[in-house]
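Read the structure below first, then the notes.
Computed over heavy atoms, backbone and side chain alike; hydrogens, waters and symmetry mates excluded.
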Amino acid sequence: QVQLVESGGGSVQAGGSLRLSCAASGYTDSRYCMGWFRQAPGKEREGVATIYTVSGRPYYTDSVKGRFTVSQDNAKRTLYLQGNSLKPEDTAMYYCATHPYPCALVPIRPWDYKYRGQGTQVTVSS
């Protein structure tokens, strides 16, 4: 059974930065997709980014391009999301998700992945 544990959320002022982590366990194969999505109260879910462990190429939704960076440490089976120049509209619960290969990277819909974490709250104040 694959499990994901997120960490790193918190409160920050607009213009600040946060780094989220997502540690995966239970995979016996090194090929899988990972991604982040977010959901704010009263808003639709929004895919943030996806990445495939083998290629390492990330895909981002337009609203975070140039501000967010997703990266991975395959040895630690950990996914990171670095958010810079944060805006109040980035406030949401952020979820990490993963799916075994074969898996889809676009469209960016990580909520369709087989496994997800419990979420970590990010609050950006103006």
Side-chain angles (χ1 to χ4, degrees):
Q1 180 73 8
V2 174
Q3 293 184 324
L4 300 172
V5 178
E6 299 120 327
S7 60
S11 297
V12 64
Q13 290 192 327
S17 300
L18 277 177
R19 188 194 196 203
L20 308 183
S21 300
C22 174
S25 62
Y27 269 121
T28 57
D29 191 330
S30 61
R31 301 173 301 167
Y32 49 91
C33 292
M34 296 192 78
W36 293 95
F37 68 96
R38 62 189 181 184
Q39 184 154 28
K43 295 185 178 180
E44 292 187 356
R45 288 174 302 190
E46 180 182 30
V48 175
T50 54
I51 192 169
Y52 177 45
T53 53
V54 175
S55 69
R57 177 187 172 182
Y59 295 83
Y60 300 99
T61 193
D62 286 346
S63 62
V64 306
K65 284 180 181 177
R67 301 188 299 119
F68 286 24
T69 302
V70 66
S71 59
Q72 58 184 5
D73 183 332
N74 287 343
K76 296 181 179 180
R77 297 189 184 273
T78 299
L79 181 73
Y80 303 98
L81 181 68
Q82 176 71 41
N84 298 326
S85 301
L86 290 168
K87 305 175 181 179
E89 50 263 45
D90 293 317
T91 295
M93 185 71 80
Y94 283 71
Y95 296 90
C96 174
T98 186
H99 197 93
Y101 180 83
C103 44
L105 295 168
V106 288
I108 302 175
R109 297 171 53 94
W111 55 83
D112 287 338
Y113 288 174
K114 187 173 183 179
Y115 306 102
R116 68 174 63 174
Q118 79 285 356
T120 186
Q121 178 68 36
V122 172
T123 302
V124 184
S125 58
S126 57

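Put simply, the side chain of L79 reaches to within 4.5 Å of the side chain of W36, judged on heavy atoms. Between R77 and Y27 the shortest side-chain heavy-atom distance falls below 4.5 Å. At a threshold of 4.5 Å between non-hydrogen side-chain atoms, the residues Y52 and C103 count as touching. For the pair M34 and Y113, the minimum side-chain heavy-atom distance is 4.5 Å or more. Contact check for R38 versus V64: side-chain heavy atoms found under the 4.5 Å cut-off. You'll find the side chain of L105 reaches within 4.5 Å of the side chain of C33, heavy atoms only.
Between Q39 and E44, the closest heavy-atom pair is NE2-C, 4.3 Å.
A donor-acceptor contact shorter than 3.5 Å links the side chain of R116 to the backbone of W111. Here the side chain of T53 pairs a donor or acceptor atom with the backbone of Y32 at under 3.5 angstrom. No donor-acceptor pair under 3.5 Å is formed between the side chain of E6 and the backbone N or O of C22. Proximity of a side-chain donor or acceptor of Q3 to a complementary backbone N or O of G26 within less than 3.5 Å is not detected.
Residue Y60 is grouped with residue V124 when hydrophobic side chains (ILVMFWY) are merged at heavy-atom distances under 4.5 angstrom, including chains of intermediate members. Hydrophobic clustering keeps V12 apart from M93 (ILVMFWY residues linked when any side-chain heavy atoms are closer than 4.5 Å, directly or through intermediates). Tracing side-chain contacts under 4.5 Å through hydrophobic residues (I, L, V, M, F, W, Y), one never reaches Y80 starting from V2; they form parts of separate clusters. Both Y101 and Y59 are part of a single hydrophobic cluster, where members link through side-chain heavy atoms under 4.5 Å apart. The hydrophobic cluster containing V70 also contains L18, counting ILVMFWY residues as joined when their side-chain heavy atoms lie under 4.5 angstrom apart, directly or transitively.
Between T50 atom OG1 and I108 atom CD1 the span is 5.0 Å, to the nearest 0.5 Å. Separation of atoms OG (S25) and OH (Y115) is listed at 11.0 Å; rounding is to 0.5 Å.
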**Asked** Could you go step by step and tell me if K87 and D90 meet the salt bridge (Lys or Arg N to Asp or Glu O under 4.0 Å) rule?
**Response** CA-CA 5 Å; K87 305 175 181 179; D90 293 317; over 6 Å; no
**Message:** Quick one, I51 with Q72, criterion side-chain contact (heavy atoms from CB on, under 4.5 Å). Give me CA distance, side-chain angles, the key distance, then yes/no.
**Reply:** CA-CA 8 Å; I51 192 169; Q72 58 184 5; 4.0 Å; yes
**Request:** Would you check, one step at a time, whether the test side-chain contact (heavy atoms from CB on, under 4.5 Å) holds for L4 with Q118?
**Result:** CA-CA 8 Å; L4 300 172; Q118 79 285 356; over 6 Å; no
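Surrounding CD of E89 are more than 12 heavy atoms belonging to other residues, nucleotides or ligands, all under 6.0 Å away. Shown here is Q13, whose CD atom has no more than 12 heavy atoms of other residues, nucleotides or ligands within 6.0 Å.
If you run side chain to side chain contact (heavy atoms under 4.5 Å, CB included) between F68 and each of T61, L86, L20, only L86 comes through.
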